[in-house]
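Convention: sequence-line order gives letters A, B, ...; per-chain numbering from 1. Basis for what follows: all heavy atoms, side chains included, without hydrogens, waters or symmetry-related copies. This one's a predicted model, so the numbers in the text were calculated from it and none came from an experiment.
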Protein chains: 2
Amino acid sequence: MRVNHQDRSAKSYRSSRQRERLLALLRSTGIHPTASWLYDQLKKDFPSLSLGTVYRNLSILIEQGLVRKIDSGSTFDRFEAKTTPHYHLICNKCGKIIDFEQRFFPEINKEISRSTDFDIESHRIDFFGTCSDCRTIS
Amino acid sequence: MRVNHQDRSAKSYRSSRQRERLLALLRSTGIHPTASWLYDQLKKDFPSLSLGTVYRNLSILIEQGLVRKIDSGSTFDRFEAKTTPHYHLICNKCGKIIDFEQRFFPEINKEISRSTDFDIESHRIDFFGTCSDCRTIS
DNA sequence: ACTATTATTAATAATCATTCCGATTACTAT
DNA sequence: ATAGTAATCGGAATGATTATTAATAATAGT
């Protein structure tokens with residue numbers, strides 16, 4: 001008799017070195033990398049790595065809820081290993097994304113839900129402006 | 001002698017029918033169109049219209065602050081004629097974007113600025129969830 | 001440990017939205 | 001009307017991402 005301990009909706013994946021290292025790399029950095037940056041880094045340890053592998057594993061990790069995709073207004077996506085809820089400070093000059101974790105407003109989902117016929121599950125807030133580096137330079 | 005009455009940083013543009021109609025179209029709709037939807041609509045009145053013209057004029061209108069680009073997590077961009085500050089409700093099921101104008105929190109820019117070394121000029125809030133249409137269906 | 005099975009990989013081609021470019025056309029001021 | 005310049009068109013180029021396929025590696029059962 002065969003028992004499935006997995007959740008019915010969750011696809012299972014067999015482990016792979018590439019994906020393990022990809023997640024570790026994402027967790028070890030705070031720079032919200034692009035797919036190609038991740039590719040360049042991992043290429044050092046996996047000389048035969050393919051960019052498609054990076055994208056495929058990113059989407060698996062996203063499906064598993066371990067990684068989030070960030071769209072910052074650029075033509076390319078950035079990624080981050082999901083930890084705690086937080087917001088982003090995005091620099092208009094250099095495009096850098098900085099995590100902001102000091103405050104989070106979980107209550108606004110319900111507050112906004114009350115004014116509209118829409119079931120709100122989550123929200124994101126992005127703040128735009130100038131980072132300290134770019135302010136110093138100009 | 002030639003005097004430039006324009007602000008140094010502001011480029012000036014000659015008016016064009018295509019751009020005028022593009023802006024009018026954007027202002028007349030609430031559906032947050034894609035570039036190709038705009039192209040399809042305008043094509044009716046300008047049979048020789050080029051998609052590049054739509055993109056070029058969109059970027060001019062954005063530069064002039066009359067139009068905003070919205071990234072909704074899809075592979076393509078959506079656009080809206082900027083009116084008053086507002087937030088977006090984005091449906092996870094159908095991708096529809098609904099404007100939310102009932103409340104706006106201008107004060108959080110300063111509030112967040114105080115906790116960090118970042119000059120905040122603006123913010124955006126997107127709420128994700130299920131719209132009433134999709135909730136009814138499922 | 002061995003084998004069969006099946007998922008993952010690497011390489012590359014395909015896709016899709018967007019941008020760029022050269023030639024042509026339309027405005028505007030003189 | 002003409003010259004000068006900006007806007008347009010059409011299509012090609014770009015760049016990020018996704019799909020395809022044959023080879024490779026991980027897992028389950030023996």
| said: I'd like to know whether CZ of Arg124(B) has more than 12 heavy-atom contacts from other residues, nucleotides or ligands below 6.0 angstrom. | reply: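 More than 12 heavy atoms, drawn from other residues, nucleotides or ligands, come within 6.0 Å of this atom.
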Mind calculating the distance between [atom1] ([X]) and [atom2] ([N]) to the nearest angstrom?
X	N	atom1	atom2	answer
Leu22(B)	dA7(D)	CG	C1'	14 Å
Ile70(A)	dT17(D)	CD1	P	13 Å
Arg14(B)	dA7(D)	CZ	P	6 Å
Asp71(A)	dT17(D)	CG	C1'	14 Å
Tyr13(A)	dT27(D)	OH	P	15 Å
Ile60(A)	dA26(D)	CD1	P	15 Å
Glu63(B)	dA6(D)	CD	C1'	14 Å

Here the residues of residues 38-56 of chain B within 4.0 Å heavy-atom distance, strictly under, of DNA chain D are Ser48(B), Leu49(B), Ser50(B), Thr53(B), Arg56(B)
Are Gln102(A) and Tyr87(A) linked by a side-chain donor-acceptor pair shorter than 3.5 Å?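 No, Tyr87(A) and Gln102(A) have no side-chain donor paired with an acceptor closer than 3.5 Å.
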What one should report as the nearest heavy-atom pair of Leu22(A) and Val54(A) is CD2-O, 4.0 Å
> So, for Lys43(A) and Ser48(A), which heavy atoms are closest and what is the spacing to 0.1 Å?
Replying inline: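 Scanning both residues completely, I find the closest heavy atoms to be NZ-C, 4.4 Å.
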For this session: Kindly work out whether a path of hydrophobic side-chain contacts (I/L/V/M/F/W/Y, heavy atoms less than 4.5 Å apart) joins Ile62(A) to Phe128(B).
Result: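 Shared cluster, no.
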Paired with Asp45(B), the side chain to side chain donor-acceptor pair (under 3.5 Å) test is passed by just one of Arg17(B), Gln18(B), Arg21(B), namely Arg21(B)
* Asked: Going by heavy atoms in the side chains, are Glu80(A) and Ile97(A) under 4.5 Å from each other?
  -> no
With heavy-atom distances below 4.5 Å as the criterion, would you say the side chains of Ile90(B) and Phe127(B) are in contact?
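No, too far: nothing below the 4.5 Å cut-off.
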Next item on the list: Examine dA25(D): is either OP1 or OP2 under 4.0 Å from a nitrogen or oxygen in the side chain of Gln18(A)? Give yes or no.
Entry: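 For Gln18(A), the contact criterion (side-chain N or O under 4.0 Å from OP1 or OP2 of dA25(D)) is not met.
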Practice prompt. Just call it for Ser15(A): base, sugar-phosphate, or nothing, with non-hydrogen atoms closer than 4.0 Å on any strand.
Written response: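 Contact class for Ser15(A): sugar-phosphate only.
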Students should find that the nucleotides of DNA chain C closing off the region near chain B, any atom under 4.0 angstrom from a heavy atom, are dA17(C) to dT28(C)
Q.
To the nearest 0.5 Å, what is the distance between CD1 on Ile60(A) and CD on Gln64(A)?
A.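 If we round to the nearest 0.5 Å, Ile60(A):CD1 and Gln64(A):CD are 7.0 Å apart.
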Quick one: CG on Leu58(A) to CG on Asp77(A), what's the gap to the nearest 0.5 Å?
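These two atoms lie 9.5 Å from each other.
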- [ ] Please round to 10 degrees the angle between the axis of the first five pairs and the axis of the last five pairs in the helix from dA1(C)-dT30(D) to dT30(C)-dA1(D).
- [x]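 Taking the rotation axis at each end, their angle is 40°.
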So, Phe104(A) versus His123(A), ring centres under 6.0 angstrom or not?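 Distance test on ring centres: under 6.0 Å, yes.
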